[in-house]
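Down below is the structure, laid out as C-alpha cells.
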Amino acid sequence: MVMELARYLTVEAGGRLMHVSVIDRGFDGYEVVYHYALDHLEKNLHLNIKVSLPEHNPEIESVAKLSPEASWSEREMMELTPVKFINHPDPRHLWLPYEWPNPVEGVDYEFLKDRLDAPPTQKSSNQPSLMPIGPYHPLLIEGAYFRVKLKDEEITDVDVKLGWNHRGIMKLFESRSYSRGVYLAERICGICNVTHTTAYLNAVETLSGIEVPDRAKYIRTLIAELERIHSHLLWLGVAGDLIGFKTLFMLSWKVREKVLDIFEATTGSRRTPAMNVIGGVRKDLAGETIGKIERRLLDLRGEIEGLVKLGYDHPLMRRRLQDIGKLSLSNAISGGAVGPTARASGWKLDIRWSSPYLAYADGYTTWDLITEDGGDVWARTMVRLKEMLVSIDIAKQCLQALKKVGGPIKIEAVDPKNFPYNEALGKTEAPRGELMYYIVSDGTNIPYSVRIRTPSFRNNSLLPKMLKGYALADAPIIIGSIDPCYSCTDRIIVIKDSENPKGRGA
Amino acid sequence: MNLIELIIQATLLTSASFIFGTIYNYEIRKISARLQSRRGPWLLVPKPLRKSLGTTRILQPLYDIIKLLCKETIIPPTARRRLFISAPLFALLCLVASSTIIPIGEYSALSSFDLSLVALLYLLLAVPFTLILGGSVSSSPWGIFGGQREADLMLAYETPIVIGSFTTAIMAGSMSIKEIQVAQTLSLPYLVLNPFAAAAVLLGIIGKLHLKPFDIPEAEVEIVAGPATEYSGKLLGLMEINKMLLTSVCIGLFINLFMAGGAVPGVTLNNSLTVLTYLAEGLIIVAVASLIHTLNPRFRIDQALDWYIKTAALLAAVGLCWAYILRHIYPAISG
Amino acid sequence: MLQNIKKKARAYSPWIFHAHAGGCNNCDIELAACFAPRYDLERMGIQLRNNPRHADILIVTGPVTKQISSSLRRIYDQVPNPKVVVACGSCALTGGVYNRDDGKPNYALAGPPEKLIPIDISVPGCPPKPESIIDGVMLALEILRKK
Amino acid sequence: MKTGLARLAKELLRNSLRPVTANYPAIPEHARPHEPGEEIRGRHRFDVEKCVGCGACQTVCSSGAISVTDSGIERVLRIDLSTCIFCGRCRDICPEEGLQLTPEVPSAQPYGDILKTFKVEHSVDLSSCVGCGRPTYPKKQIETVRMRIISNLDKVNVDSARRDMDIYLKYCLNCRRSLSYIFGTHPRKLY
C-alpha cells in the first residue's frame, strides 16, 4: 500500500521525499514516518505518512527503488533500529562503527573485511587500483571515508562510509528540556549553527503554539543571513585550497574576519552567537549597533564583489572547475539534491522561497532566487558567490525594518508549558541546503524523540554519481563542491538494543 | 688552478649556494605571504618576543632543516629499506656536484671545463629520478602516485630547460658555462638578445622547483605529500637540503646563461663584487617566480602537460630558430 | 653549544598536524583561522602540515568518537618524537556539551582524548578564540624547547 | 583572459602594502575588533555582594560545568571552565545578576595545572539549623527570600507571614517536620 501512495506522491504530485524516520513507541511497536514536501504546490505544505509496525521483527517494503533519495535514510534506520526494509538496493552498514557490540544480523559488512589497519595492498601492477581516502586526509577537515576504485587515475567507483563524527546527538536531545536543547542544536555543526537553532526553534515553537514577535523575526533572519555569508566565504576559501589556490583561501578568509567582527560586536562571541532562545531572541540590537552593522555591510559588499569578479575571470580557476563533477537536472531531482548543489543544476529549490519562515515571507523581505544550469563545480561556485550578494540585500532590508519595528524581542516563556500538537516539522534553508527537524512530544517538557535530516546527509549520497569518470586529481574539488559538513551528517539516532525491547534504548 | 685551490673553491661554492638557497626559499615564503596580505616569517621579531622567539627569522628554512635533522626517523617496515634511504643521499651527491659546476660571480670552480653545461644538465636530471624512486619505494599509495606524477611532469619541464640552455650554447659558440658567461659580457646578455629561450627556461625552472601552478607531485590535498609522504626526521631533513640546493642551482643556471653571471655593466667579471650582484639578480628572479606562485591555482597533470607543450616548448623552439638567425645574420654578435 | 642550537631550532620551526576527533568543526575552523591573514601563525615559522610524519605539534579537537578512536591512536604513534599534544576546545578537555547529565557515559563517545593519548596543553573555550589557540601553541614551543 | 590575472596581480600588490595581521602575542589588544561589544562571553566572575548562592545557575547550565557542593558551614559554587561552553545562560537566568561574564578570554594552560586555573569559585556561608545544628540554606538566600516574600505579599497577612518565617526559616527540614508535629500544623494529621 505504501508503494502506491509513494508512487502517486512522487510521480503525479511531484512531491519530494525528505526523510524516512522511525519513532520507537516502546510497547506498541515502531512507527515509520515518510516525510513528503509538497511545498511546490502551495507554500508550507508537508505530508507525513505514518506506518505502525508490530514490536517483534518489524518489516516494511523499501521505497528506495522508486525514489532513490530514500535509500540513505532507510539504510540509517535499518542499521540503528530493528526495523527491516525488504529488498533495499544496498542494505549495507553506513553509520555505525565497525566493532559495534551487536551488529544487525543478515547484513554483510564488506567494510569489516578490509579493516583500516591492514597494510595497503596493491593487487595488480604497481598501479594502486583501490585508493582509500581515509578518515584522516588533508582533503577532509573532518572524518569521512571514500573507497575509490581506480583504473589508471580515472575513478570508476566510489564507496562512502561515514559515521566518524557520530556523537549520538539525538539521544542527548531526548534527555534535555527544550530550552537546553537549543544549545545542543547549536553544537551539531560549527559552521551553520544559527540555522540549526532556527530549525529546532521553528519546530519547538510550532509544537507549543508560540508566535515569535516581529522584531525577533528580523533579528533572527539578520543573524541567519550573516551566517550564510560567513559559511559561503569559508567554503570559497576551502575550495580555493582544494585546487591549490592558497591566495583565494587567504583573501576570502580575510573578508570572513569582517563578518566575524560583526558577530562578535553584536552577539558577544565570534562563532557561536547563541542569540536564539525559545520565543524570540536573547539580546536586542540597540540603535547605534544597527548603524555600525550597516557601515560594515557596505564595505563587505565591496569586498565580496571583488571576490565574485576574481572568481569570474581567473583563467586557471575556470579551467580547473569547469565541466567536472557534473550533476544533470534529472539526476539531481531523482537523487534528491538540496541547496546550492540542486540550484546549480537548474532546480528552483529554496526553502526560504517554497516554505518561507521568519522574515523571508512576502510581507517582510523581497529577494530573488539564484539558479545556474551548468550542473558542474563551476556552476555551484557561481551560485554560492551570487547568493552572498543576495544575502547582503536581505540583511540590509532586515536592518531597515529593525529601525522601524518596535515591540518586544522575546516572549517570557522560558520553557513551553502546554503542547497543543504532539509532533512538528521545523525546516530552514541552511547554507548547504534544506535542513529538517522532526520533533515528537509526549506532553512533558522533554522531547519524546527528535529526528534531524541535514543537507549534507542528502548531498553526500550524490557523491558517487558525481565522482564517476573524473580524474583522481578532481576528486577533492568535486567532494568539496557540495560543501560537505560531516558534523551535520553524523548526528544520528538513538540505538534501541534488541535485549530490552521495552525501554527506549541505553 | 691546482687541485687544493680547486677543492677549496668547490666547498666555498657549495656552502655559498646552500646559503643562497635558504635566502631564496625565505624570500618565496615572505613574498607570497605579503602578497596574500599577511605578514609571513618575521624579518625582525617584535621586541617583547625577542627573548623567546629570537631576533630574526631570515634563516627560517635553516631552522626547519636543523629541527628535522634532530628528530626521530621512522622508516615504514613495508618499504625497501636500502633504496628508501639511498634516494635522498644520491640526490644530495648530485646536487653538491652540480653546485660546484655553477659559477657564482667570478668564482668558477669546475665550470671552466669544456662540456660543463652538459654535465650540469645531466646532474640536474638526477634529482627528479630520486624523487620518483623514493616515492615508489615507500610502499604508500600516495608515494606511488607522487612518483608517477613527478615522472610525467619531469618530461614536461625538462624539454624547455634543455632546449633553452643549448640555445645559449649555440649563441655563445661553446659548451662551457664559463665561456657562455664571458661571451655575454662582450655582447649583450642573452636575456635581451633571445628573450624566448629565457622565458622557456624560467617556466621550466618553475616546474622543476614545484612552484605553483606546477606543484602537482606535492599536491598536499590530493596525494598527502607525494613522494615525501613516508619520509620523516633525518631523511626529510635531507630532502629539504636538496630543495635548497636545487633552488639555488636552478636560479644560478638562469643567471649564468641569460644574465651574464652577475656581470652588471659597471662591475666586470673578475672582482669579488659580482657575488653581491649575483645575489641581487637571483632575488629579482625569485620575486618574479613567487609572484607567479601566488597568482595561480594548481594545474591538473594533463592540463600541465599540454600547457607546457603548447607554450614552454614552443617558446624554446622559437628561441632556437632565433639563435640560428642571430648566428648567421649577425655573426659579429657571437664573437 | 650544539645542544642549545638543537633546542632553538625545535622551538623556532614547530610544524602542526591537526587531528579532528569528532567534534562540531567549530574548533577546526578557528584553528584554520589562525593561519588566515589576521592571526597569521607563519610569522613564527609555524606551518600546518597534513602529514603526521612531518609534524611536531599534534592539535586534537573534539570528543573522541568510538569510530575514530583507533585512527586517532594510530595518528599519535605516527608523529615522530619529540612531540607535543594540544587538546583544543572544551570537547577535547572533558567532552563539553556531549556529556550526559546523569553521569553515564555517552554511548557514541570513547571519552575525551586524555583517555587515549597523553595531553600536554589544554585550550579552553567553545570554540576557543584564536588568541587562546596561539597562547596554547606558544606554550607548546616552551615544552618543545625542554623536551 | 589575461585581464583576470592582471587585475588579481594589481590587487595582490596593493594588499602587500598593508598586511592585516594582528601583532597578537606582542601586543595583546591588537587582536580585538576596534570597538569590542560590551558583552563578550569570557571568564565568569561572581559578584560577591549580589550572589546569594541559590544554585539556579547549576540547574540551567547546558554542559554541567557548574557544581554546587555544601561542605560544612559553607556552600562552594565551582565553575569548571574546561567543560563550560560559554553560552551565557547562567548569567541570563541568575535572579540577582550575581554572575557576570567578563570579556577576558580564558587562555591555554599546561595540562597539569588544569585544576587550579580553570576553576572559578565562590563560597557562600550557610546558616546552621537552630534545632539540630546541621547546615541549612545560605544566609543571604534566606534574607532575600524573606525580603521578597514580605514585599510581594498584600498588607493583610504580612505580619502573620513574618511571624511564621521568623520561626521556620531558622530550622532545617527535619526540625521543621518535627516542629509541625508539635504545633499541629502538619497537613496530614492522620497518623
Side-chain angles (χ1 to χ4, degrees), chain B residues 26 29-30 32-46 49 52-76 138 140 142-143 146 218-226 228-237 239-240, chain C residues 1-18 32-58 74-84 130 134-135 137-147:
Chain B
Y26 174 78
R29 281 173 70 172
K30 183 73 178 174
S32 67
R34 261 306 168 95
L35 288 178
Q36 294 162 355
S37 74
R38 55 191 173 94
R39 209 166 277 290
W42 275 313
L43 259 177
L44 199 61
V45 180
L49 298 170
S52 65
L53 291 178
T55 51
T56 167
R57 282 303 170 90
I58 286 187
L59 297 178
Q60 183 61 40
L62 208 57
Y63 295 137
D64 293 348
I65 290 171
I66 296 171
K67 175 208 75 176
L68 282 174
L69 293 180
C70 317
K71 265 181 94 79
E72 166 212 1
T73 316
I74 301 175
I75 296 178
S138 70
S140 95
W142 311 119
E218 286 155 11
E220 71 274 2
V221 178
E222 294 139 20
I223 37 176
V224 180
T229 317
E230 293 301 334
Y231 282 90
S232 69
K234 295 177 182 50
L235 293 175
L236 190 58
M239 279 183 129
E240 288 291 319
Chain C
M1 222 294 271
L2 196 64
Q3 209 54 19
N4 97 31
I5 286 180
K6 187 164 87 165
K7 283 195 173 14
K8 252 165 77 161
R10 279 201 185 136
Y12 285 4
S13 92
W15 289 354
I16 290 181
F17 177 77
H18 162 234
C34 288
F35 292 92
R38 185 166 173 185
Y39 299 98
D40 181 23
L41 269 181
E42 220 201 326
R43 293 170 290 162
M44 302 135 198
I46 296 171
Q47 282 180 357
L48 185 65
R49 307 291 284 210
N50 37 47
N51 183 350
R53 286 259 191 283
H54 300 180
D56 300 320
I57 301 178
L58 178 69
R74 276 178 46 240
I75 287 285
Y76 176 75
D77 300 340
Q78 277 176 3
V79 178
N81 282 327
K83 57 191 166 197
V84 174
I134 292 176
D135 292 346
V137 173
M138 288 295 137
L139 285 176
L141 299 191
E142 296 316 315
I143 293 179
L144 266 179
R145 197 190 285 267
K146 285 197 251 336
K147 268 219 168 134

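Just so we're clear, the structure is a prediction, and the values are computed from it rather than from any experiment. Naming convention: chains lettered A, B, ... in sequence-line order (proteins, then strands); numbering from 1 in each chain.
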Original post:
Hey, are the side chains of Phe35(C) and Arg38(B) touching, using non-hydrogen atoms and a 4.5 Å cut-off?
Top reply: no
**OP:** Using non-hydrogen atoms and a 4.5 Å limit, figure out which bit of Leu68(B) sits close to chain C: side chain, backbone, both or neither.
**Re:** side chain
Original post:
At a heavy-atom separation under 4.5 Å, does Thr73(B) approach chain C through its side chain, its backbone, both, or neither?
Top reply: neither
Go through the structure and list residues passing side chain to side chain donor-acceptor pair (under 3.5 Å) with [X], not counting sequence neighbours.
{"X": "Lys83(C)", "result": "none"}
{"X": "Gln60(B)", "result": "Arg57(B), Asp64(B)"}
{"X": "Gln78(C)", "result": "none"}

Original post:
Which region of Leu141(C), side chain (C-beta onward) or backbone (N, CA, C, O), has a non-hydrogen atom less than 4.5 Å from a non-hydrogen atom of chain B, or is it both or neither?
Top reply: side chain
Given 3.5 Å as the limit, does a donor-acceptor pair link the side chain of [X] with the main chain of [Y], or not?
{"X": "His54(C)", "Y": "Gly233(B)", "result": "no"}
{"X": "Arg43(C)", "Y": "Val45(B)", "result": "no"}
{"X": "Glu72(B)", "Y": "Asn81(C)", "result": "yes"}

**OP:** Report the option among Asn51(C), Leu144(C), Ile46(C) that has the most heavy-atom pairs separated by less than 4.5 Å from atoms of chain B.
**Re:** Asn51(C)
**OP:** State which residue, out of Gln36(B), Lys30(B), Arg29(B), Arg39(B), fulfils the side-chain hydrogen bond (donor to acceptor under 3.5 Å, both in side chains) condition with Glu42(C).
**Re:** Arg29(B)
Subject >> Atom pair CZ/CG of Arg53(C) and Leu236(B) - distance to nearest 0.5 Å >> reply: 11.0 Å
Original post:
What's the spacing between Ser37(B) OG and Arg38(C) CZ if we round to 0.5 Å?
Top reply: 12.0 Å
Subject >> Contact residues of residues 4-14 of chain C (partner chain B; heavy-atom separation under 4.5 angstrom) >> reply: Ile5(C), Lys6(C), Ala9(C), Arg10(C), Tyr12(C), Ser13(C)
Original post:
Regarding Lys71(B) and the six-membered ring of Trp15(C), is the cationic atom NZ or CZ under 6.0 Å from the ring centre and inside 45° of its axis?
Top reply: no
